[in-house]
Amino acid sequence: MNKKQNIDKLIDEAINSIDDVERAQPKPYLLTRIQARLNKKTDTGWEKAGWLIGRPVVAISGLVILMLVNTVAIVLNRAENFTAVTEQATQPGNDEFSYTVATIYDIENTEP
Amino acid sequence: MVDQSEVLITKLKQGDQSGFTTVMELYQDMVYNTAIGIVQNADDADDITQEVFVQVYLSIQSFKGESKLSTWLYRITISKALDHEKKKKRKKRFAFVQSLFGSHDEERHHPVEFNHPGVQLEKKEKAGELFNALKQLPDKQRIAFTLHKLEGQSYQEIAAIMNTSLFAVESLMGRAKTNLKKILRNYYQGKTSV
């Protein structure tokens, strides 16, 4: 038998080696271990909260709300700043054109 | 006549403990055998089996009965086993990074050759080589091959489990066998040339 035929035989043997395999069985007392896990799971409220927060719908909704709140806050803040700046900018103009400012004529014409 | 699995599902949905115990007794070997075929580690498979039944208990209300109970269980098992593998790979990567910084834990991170407990003694060596080759297959091919060879599922049932067509399963199995032969050929050629 040549080398190639020998390798083909080995390959076939390997592939057919699990043809009549029996089902593997878990260790005993599986039910007890599962019940212990279930008790542990139901005890922790944080896991439930984590599961709820981790759900895509909840997580995405939360993110959208957070972004909306941030956007509204930024827009409001900008609007406030803009009003303050325009108020500041118009102040010198008001002073310049104010009717109450004393002029040279007021000083000279003291008599009515 | 009402199907036995329908009665079981109703019992499970009502939170009946005896229903859960019966489901476990009926399907624990199926779940464990599938898990061990995918993750190739007895302790990990035991862990996955527990996770599967916990998930069944917690999410039975979402089971609509559109598929068989066994099909649903296979899907949960496969998904848990693949998740488990991903986590393990992440850990391995982390261990590799750790080893770069001087922490050597060779024994813990080197995989041991897997021996399926259901394989006959005289075929253990060959089966070990096959399982090693199986690890190198893409997930879908590996799942289809495992379900067919280890669980004895028909192509039709595999198509239902994997939510795909019969033609796709036939194609997956064909590619799995071709790839396995290629991997094994390289392995034996290397072995005989030494």
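Since we're looking at a predicted model, the values are computed, not measured. Chain letters run A, B, ... following the sequence lines, proteins first and then strands; every chain starts at 1.
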Colleague: Could you tell me which of H148(B), E151(B), E129(B) has the largest number of non-hydrogen atom pairs under 4.5 Å with chain A?
Modeller: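 When all of H148(B), E151(B), E129(B) are compared, E151(B) has the most.
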Colleague: Which of the residues E51(B), M30(B), E125(B), K181(B) is involved in the greatest number of heavy-atom pairs with chain A at under 4.5 angstrom?
Modeller: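 The option with the most such pairs is M30(B).
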Colleague: Can you tell which part of L150(B) gets under 4.5 Å to a heavy atom of chain A, answering side chain, backbone, both or neither?
Modeller: both
Colleague: What heavy-atom pair brings A24(A) and P117(B) nearest, and what distance separates the two atoms?
Modeller: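 Minimum heavy-atom contact is CB-CG, 3.6 Å.
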Colleague: If I measure from the heavy atoms of chain A, does Q17(B) come under 4.5 Å with its side chain, its backbone, both, or neither?
Modeller: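 Just its side chain gets close to chain A.
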Colleague: Treating Ile, Leu, Val, Met, Phe, Trp and Tyr as nodes and any side-chain heavy-atom pair under 4.5 angstrom as an edge, say whether L58(B) and V58(A) lie in one connected cluster.
Modeller: no
Colleague: For N33(B) versus E22(A), what's the shortest heavy-atom pair and its separation?
Modeller: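 Smallest interatomic distance, heavy atoms only, reads OD1-O, 4.4 Å.
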Colleague: Are L68(A) and I60(A) linked, directly or through other ILVMFWY residues, by side chains that come within less than 4.5 angstrom of each other?
Modeller: yes
Colleague: Can you tell me how far apart CG (L130(B)) and CG (N16(A)) are? Round to the nearest 0.5 Å.
Modeller: 9.5 Å
Colleague: Rounded to the nearest 0.5 Å, how far apart are CG of L184(B) and CG of D8(A)?
Modeller: 11.5 Å
Colleague: In terms of heavy-atom pairs under 4.5 Å with chain A, which of K124(B), K123(B), K177(B) leads?
Modeller: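 The candidate making the most pairs under 4.5 Å is K123(B).
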Colleague: Under 4.5 Å between any side-chain heavy atoms of F131(B) and I18(A), yes or no?
Modeller: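 Yes, their side chains come closer than 4.5 Å.
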Colleague: Calculate, to the nearest 0.5 Å, the distance between atoms CD1 and CG belonging to I11(A) and L180(B) respectively.
Modeller: 10.0 Å
Colleague: May I ask you to decide if Q25(A)'s main-chain N or O and D29(B)'s side chain share a donor-acceptor pair within less than 3.5 Å?
Modeller: no
Colleague: Quick one: CD on Q28(B) to CZ on R23(A), what's the gap to the nearest 0.5 Å?
Modeller: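 Atom-to-atom, Q28(B):CD and R23(A):CZ are 10.5 Å apart.
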Colleague: Heavy-atom pairs under 4.5 Å with chain B - which of Q35(A), R33(A), E13(A) has more of them than the others?
Modeller: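 Among the listed options, the one with the most contacts to chain B is R33(A).
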Colleague: Give, as side chain, backbone, both or neither, the part of N132(B) having an atom under 4.5 angstrom from any heavy atom of chain A.
Modeller: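 Neither part, no heavy atoms under 4.5 Å.
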Colleague: Is it true that atom CD of Q61(B) has more than 12 heavy atoms of other residues, nucleotides or ligands lying nearer than 6.0 Å?
Modeller: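 Yes, the 6.0 Å shell around CD holds more than 12 heavy atoms from other groups.
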Colleague: Non-hydrogen atoms of chain A under 4.5 Å away: do they reach the side chain of Q120(B), the backbone, both or neither?
Modeller: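 Side chain only.
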Colleague: Is the number of heavy atoms from other residues, nucleotides or ligands under 6.0 Å of K182(B) NZ greater than 12?
Modeller: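 Not more than 12 within 6.0 Å, no.
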Colleague: Begin with the C-alpha distance, continue with both residues' side-chain angles, and end with the deciding distance and a verdict on side chain to side chain contact (heavy atoms under 4.5 Å, CB included) for I34(A) and T49(B).
Modeller: CA-CA 9 Å; I34(A) 290 169; T49(B) 309; 5.6 Å; no
Colleague: Assess the residue pair L31(A) and F20(B) against the criterion (side chain to side chain contact (heavy atoms under 4.5 Å, CB included)); give the C-alpha distance rounded to whole Å, side-chain angles, the decisive distance to 0.1 Å, and a yes or no.
Modeller: CA-CA 9 Å; L31(A) 182 63; F20(B) 183 68; 4.1 Å; yes
Colleague: Which pair of heavy atoms, one from Y188(B) and one from A14(A), lies closest together, and at what distance?
Modeller: OH-CB, 3.6 Å
Colleague: Inspect the contact between D12(A) and K126(B) and indicate whether a charged nitrogen and a carboxylate oxygen are less than 4.0 angstrom apart.
Modeller: no
Colleague: With side chain to side chain contact (heavy atoms under 4.5 Å, CB included) as the criterion, how do K191(B) and I7(A) come out once you've worked through the C-alpha distance, each side chain's angles and the decisive distance to 0.1 Å?
Modeller: CA-CA 10 Å; K191(B) 211 177 170 186; I7(A) 286 174; over 6 Å; no
